[in-house]
Structure formats: C-alpha cells, structure tokens
Protein chains: 2
Amino acid sequence: MALGLPSHDRRARRHEATKAEIVVAAWEVARHRGLAGLTLAEVAARVDMRVPSLYQYFASKNDLYDAMFAQGNDEFLAFLEERRAELPTDARQRLRAGFRLYFEFCTSDPARYQLLFQRTVPGFEPSPASYAKAVEVMTLLREDLARAGLVHDQEDEDLLTALSSGLVDQQIANDPGGDRWARLIDVVADMAYDHLKSKQRRKGRQGARRPAGTSTQGGPR
Amino acid sequence: MALGLPSHDRRARRHEATKAEIVVAAWEVARHRGLAGLTLAEVAARVDMRVPSLYQYFASKNDLYDAMFAQGNDEFLAFLEERRAELPTDARQRLRAGFRLYFEFCTSDPARYQLLFQRTVPGFEPSPASYAKAVEVMTLLREDLARAGLVHDQEDEDLLTALSSGLVDQQIANDPGGDRWARLIDVVADMAYDHLKSKQRRKGRQGARRPAGTSTQGGPR
DNA sequence: GTCTATATTTGGATAGAC
DNA sequence: GTCTATCCAAATATAGAC
C-alpha cells in the first residue's frame, strides 16, 4: 500500500507468490500420499527446490499445514461466494442445493476435507489467524441457512451438519469416487426440511418461543 | 484340542495371552497419542519389554495394526451380542436403540472408531482374516435392521449408516466428550423411521415391489 | 534466496548372544 | 523368549558458503 519503497513491495509480492506455489504443491502431495504422508522432501521436489529453501517461506512443517488450512478455507469461501447467488429461494430447494454444494466441495478433495473438518493430523492445531478463517466460513454458512428460515437454534444447525457430514463421510470412507451416498443427498435434505418445518409448526402452536436447549426430547444414556 | 502334547498347548496359550496383552497396550498408546502416533517403543515400554521382543509376536507394525483391527471388531461383536437381547421389539424404539448403541460404541473410543470405520491409517489394509470379522459385524447389524422390517434394499441401509455415522463424526470432531450430538440421536432415528415407513407405504400403493436401484429420486450433479 | 553439507532424532527392523 | 547392539531409512531442521 505504501508508495515509499516499491522494490520492497515487489519483493514481498514475489515472496507471497512463491509461498502460494509451495502450498499448492503441498496439497498435491497430500492428495497423493495422504495428509499425514506429506513430506517436505516431496514438496520441495515438486517446486524444484531443495528442502532447506522451504524454510525461507515456512518456519516449520506445522506452519505449512497451517497455510494449507488457511488456503483450504479460502477455497471454500470462494466456492460459496461464487455459487450462492444461484441458490434457489424456495426453502426446500435451497436446502437441497446447500447439501449438494457442501457434499461436492468435501468429496472432491478428501485430503482437504480431512484437514479442514476432521482434525486428524498428528499434532496440528491451526493458528488463531487461520482458525478465524474457519469461523468466518461457518458464519457464512449459518447465515445462509438462517436466511432461508430453516435454522432457529443451535440444535437445528447441529442436525444439519450431522446429516450432511454423514453423507460425506460414508462416501469418502466406503465408496471413494463413486456415488452411493451422493444419490441420497436430496432424500436426506428433504427429510431434514420436513423435520425442521414440522418442528417449527409445533413451536408455533405452543405459542411462546421457548429458548434453545429446553427440548422436550429426552437424551440417550 | 489335541491331548497329545499338553506342553505345546500351554506354551501356545501363553503366547496368545502375551499377544493379547500387547494389543491392549497398543490401544492404550493409540488412544493417548492418536492412532497414527503409535510407536513400537511406547508399546514395548508399556508391557515392560524391549522393542525387538515384540517381533516374537508380530511380524511388523502393520501386523499389530491388523490385530488391533481384529480385536476392535471382536469387541463390537461382543458389545452387540450382549445388548441385542434387550432391544425393543417395536420398530421405532428398536431403531432408536440401535442408533444409541452404535453411537455409544463409536464415541466411547475415537481411536477405535478411526481404525475400524474410517480407514485413515497411512498404509494399513486389513488382512483377509481380519476383514472377514468386519464383514461379520456388518452382516449382524444388517440382519438386525432387516428383522425389524425397516431395511429393504441397499439404499435404506446406506441411509442409516450415513445418519448414524454423521452424528458420531460430528460428536467426535467438534465436541469430544460432550453430548451436543448425542442429544439428537432420537430425533434423527425418528426421522429415519418416518422416512422408511412412508417410503414403504408409497411402494405398497404402487403394487409391485420394484427392484433396488430404480428410485424415482433423481441424483445430484 | 538458494544451495551443499550435516546434525539430530526417531522409528522400524534384524543379528546374534544368552 | 528376551535381551543388547546395531543397522538403515526417513524426515525435520540448521549452519554456513555462494
């Protein structure tokens, strides 16, 4: 932004570009070897560098994971921004489309799904900055669902995340590349829609809107 | 079984007992360090041995994973056998109870869930013998559901696995040790029940029972 | 900024004595 | 069956020359 030192600016820009290239290469390796199978040697080879050079861009392997985490969230954000204009306004269709969007994004890259949503990497914890991006994404999703008049409390939200991620998980674990669970997306979305609608009607009949967390539904155990 | 060489018998029994001890220790390490963080050194320390001694019992680390996989399935089998006598006969209640059972088993040991159901360990593939155990478990589950008159084709089954594992996944990933998704088990089970019942009614009205895979529901994409 | 060389650690696996 | 000693490979990370 400063006009003062353009050469610094250019240098910094180049630095950032190289960083981004490395992250892209890291994702390629992760997709190929598995997220936990990522090694700096293979990343370096892919960007035509030696391993020590990577340390000019990332302080540690965990730092690289963190950049991947941030970039994955950026991708999801871009993916959502790009498509949510086309979302149907009808609530039922909107929920179906939302489920399809999430499913497509997640299953199109299982390694990314694992890093962003499953927290299964050995000792990785996202930095506050990267975590903030994840929160931003969740907030956007939440808003979209609330805007459709479908979600009224955290329980509704938890229900939808469980249903959608269940489809994704089974698809990835038991039929990678196939469509066994993809074919169930609309069915499940409709189930969720009907449930939320009838719950809303029940609440409406009861008059006053009770606060969240006082469900009449008894828990298990 | 043979009466001929009792000393062999005793020795073999002891050998098997030590093997089982090692597997138990391995599970403890896996729960503590994460499934991928399992190291032979830590397992050996826990059974008061040196690493090379483990090789008297397991040919490789993957062989140990395989034994853990087999034992995990045995545990699930025992867990099911022990409790399915108490399952309600009423179909709706039976489905609820089944969801609760699966949820309890899975969330009570996330590392085990990961190895048995998520296939996320680096280069691990179960041996044919261990895989057979996994199939046996799935068959038992399938029979129980079919006996309740709830599941008629693979699509029904896939729906139930998606819903139940969605709850488990969210619970483990986003609220480990808590009950945010546990509280939704009955809700989701009832949703599934209502869906399967009304699907059955629809099929009944249409007369002939159409074969699986010809759903009128269009897939996404 | 990138490299060569190297340190360091760790973890799986084997040889061979007891 | 268990151990000590050792090997080997891989992988992260650093030092210091260019």
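Excluded from the calculations below are hydrogen atoms, water molecules and symmetry mates; all remaining heavy atoms, backbone and side chain alike, are included. In what follows, every chain begins at residue 1, and chains take the letters A, B, ... in the order their sequences are listed.
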Rounding to a whole Å, what distance do you find between [X]:[atom1] and [N]:[atom2]?
X      : N       : atom1 : atom2 : answer
N62(B) : dA13(C) : CG    : C1'   : 13 Å
R33(A) : dA11(D) : CZ    : P     : 9 Å
L54(B) : dA13(C) : CG    : C1'   : 11 Å
E42(B) : dG11(C) : CD    : P     : 8 Å
Y55(A) : dT6(C)  : OH    : C1'   : 14 Å
K61(B) : dA9(D)  : NZ    : P     : 19 Å
L40(A) : dT10(C) : CG    : P     : 17 Å

**Item:** Minimum-distance nucleotide to S60(B) side chain [options: dA13(C), dG11(C), dA11(D)]
**Value:**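 So the nucleotide nearest the side chain must be dA13(C).
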**Request:** Take F76(A) and F117(A), measure what side chain to side chain contact (heavy atoms under 4.5 Å, CB included) needs, and give me the verdict at the end.
**Result:** CA-CA 12 Å; F76(A) 195 20; F117(A) 301 113; 3.9 Å; yes
**Prompt:** Which pair of heavy atoms, one from V137(B) and one from N73(B), lies closest together, and at what distance?
**Reply:**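 Where V137(B) meets N73(B) most closely, the heavy atoms are CG2-O, 3.7 Å.
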**pair Y65(A)-L35(A): side-chain heavy atoms closer than 4.5 Å** =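 In short, these two side chains touch, coming nearer than 4.5 Å.
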**Asked** Is it true that the side chains of D169(A) and S165(B) contain a donor and an acceptor less than 3.5 Å apart?
**Response**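 Checked: D169(A)/S165(B) side chains show no N/O donor-acceptor pair below 3.5 Å.
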**Prompt:** Looking at F105(B), is R83(B) sitting on its ring face, NZ or CZ under 6.0 Å from the six-membered ring centre and within 45 degrees of the normal?
**Reply:**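 That pair does not qualify as a cation-pi contact.
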Nucleotide N/O of nucleotides 1-5 of chain C paired with protein N/O under 3.5 Å:
from: dG1(C); atom 1: OP1; to: H15(A); atom 2: ND1; distance (Å): 3.0
from: dT2(C); atom 1: OP2; to: Y57(A); atom 2: OH; distance (Å): 2.5
from: dC3(C); atom 1: OP2; to: R50(A); atom 2: N; distance (Å): 2.9
from: dC3(C); atom 1: OP2; to: S53(A); atom 2: OG; distance (Å): 2.6

**Request:** Determine the contact category for L38(A): base if any of its heavy atoms lies under 4.0 Å from a base atom, sugar-phosphate if only primed atoms, P, OP1 or OP2 are that close, otherwise nothing.
**Result:**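 Result for L38(A) = sugar-phosphate.
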**Prompt:** Hey, mind stepping through T107(B) and Y113(B) against side chain to side chain contact (heavy atoms under 4.5 Å, CB included) and telling me if it holds?
**Reply:** CA-CA 7 Å; T107(B) 56; Y113(B) 177 68; over 6 Å; no
